[in-house]
*Asks:* 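Provided herewith is a single structure, encoded as C-alpha cells, for subsequent inquiry.
Keep in mind that the numbers below use all heavy atoms, side chains included, and drop hydrogens, waters and symmetry copies.
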Amino acid sequence: TLDGRLATRSGKSQWLTGELSRQYVHHLRQRHDAVLTTAETVLSDDAQLTVRGIPNIRKQPVRIVLDRRFRLNPEQGRFFEGEPGRTWIVTS
C-alpha cells in the first residue's frame with residue numbers, strides 16, 4: 001500500500017508472493033522441526049502453520065506461537081482445526 005504496510009487500514013491484504021513461492025514454504029516447513037511466529041500473525045492471517053499440498057508428508061513441524069496476552073481462541077480460525085501436530089503457545 002502507499003503507506004508501506006502489507007494491508008490496508010481495514011485489514012484487507014493480498015498475496016505478495018506467487019504460487020511457486022508458497023509451495024516452497026511448505027517444503028521448507030516439512031524439512032524443519034518447528035515454525036515460530038506471533039499470535040498477531042496467526043490472528044490477522046488466519047494462519048495454520050502446517051505443511052500442505054505435499055504428497056506423503058512425513059511430519060508436521062511443531063508450531064510455536066508467542067502470545068504475550070494469550071489471545072488465541074480455539075473457537076476461532078483455522079489454527080486449531082484438525083490434528084496438525086504439536087503446538088506450543090508461549091505466554092507470560
Side-chain angles (χ1 to χ4, degrees):
T1 61
L2 290 175
D3 65 359
R5 304 286 179 176
L6 299 178
T8 63
R9 289 180 189 196
S10 67
K12 183 178 180 184
S13 65
Q14 59 183 330
W15 288 106
L16 297 177
T17 59
E19 181 62 31
L20 188 60
S21 295
R22 291 191 296 274
Q23 289 174 7
Y24 183 60
V25 166
H26 290 281
H27 284 282
L28 288 175
R29 286 180 184 175
Q30 184 177 16
R31 292 179 51 208
H32 291 84
D33 295 325
V35 175
L36 172 70
T37 193
T38 65
E40 191 64 36
T41 296
V42 173
L43 294 170
S44 61
D45 295 346
D46 198 15
Q48 292 175 292
L49 306 179
T50 59
V51 177
R52 299 180 301 281
I54 297 176
N56 305 319
I57 296 171
R58 59 183 172 93
K59 69 175 175 94
Q60 290 288 348
V62 174
R63 302 179 307 167
I64 304 171
V65 180
L66 306 177
D67 187 2
R68 186 173 44 206
R69 291 174 274 160
F70 205 62
R71 297 180 295 158
L72 295 182
N73 181 347
E75 304 293 321
Q76 296 176 318
R78 300 179 303 163
F79 186 75
F80 290 101
E81 291 177 358
E83 292 188 40
R86 293 182 298 167
T87 301
W88 300 355
I89 298 176
V90 181
T91 189
S92 59

*Asks:* On a heavy-atom basis, which atom in Leu72 and which in Asp67 lie closest, and how many Å separate them?
*Replies:* N-OD2, 3.0 Å

*Asks:* Locate the shortest heavy-atom distance separating Pro61 from Leu49; write the atom from each residue and the value.
*Replies:* CG-O, 4.2 Å

*Asks:* Do the side chains of Val42 and Ile89 join up, straight or via other hydrophobic residues, at under 4.5 Å, putting them in one cluster?
*Replies:* yes

*Asks:* For a quick test of reading the model, state the closest non-hydrogen atom pair linking Gln60 to Val51 and the distance between them.
*Replies:* OE1-N, 2.7 Å

*Asks:* Check this for me: Arg71, atom CZ, are more than 12 non-hydrogen atoms of other residues, nucleotides or ligands nearer than 6.0 Å?
*Replies:* yes

*Asks:* Could you tell me whether the side chains of Ser92 and Arg68 share a donor-acceptor contact shorter than 3.5 Å?
*Replies:* no

*Asks:* Ile54, Leu28: one ILVMFWY side-chain cluster at the under-4.5 Å cut-off?
*Replies:* no

*Asks:* Considering all heavy atoms of both residues, which atom of Gln48 and which atom of Arg63 are nearest to each other, and what is their separation?
*Replies:* O-NH1, 2.7 Å

*Asks:* Apply the hydrophobic cluster definition, ILVMFWY joined by side-chain contacts under 4.5 Å directly or through others, and give me every member besides Ile64.
*Replies:* Leu36, Val62, Leu66, Trp88, Val90

*Asks:* Using 0.5 Å steps for rounding, measure from the CG atom of Leu43 to the CZ atom of Phe79.
*Replies:* 9.5 Å

*Asks:* State, with a plain yes or no, whether a side-chain heavy atom of Glu19 is found less than 4.5 Å away from one of Gln23.
*Replies:* yes

*Asks:* Minimum heavy-atom separation for Arg58 to Arg31, with atom names?
*Replies:* NH2-CA, 3.5 Å

*Asks:* Does Thr38 have any side chain to side chain contact (heavy atoms under 4.5 Å, CB included) partners at least two apart in sequence or in another chain, and if so, which?
*Replies:* Glu40, Thr41

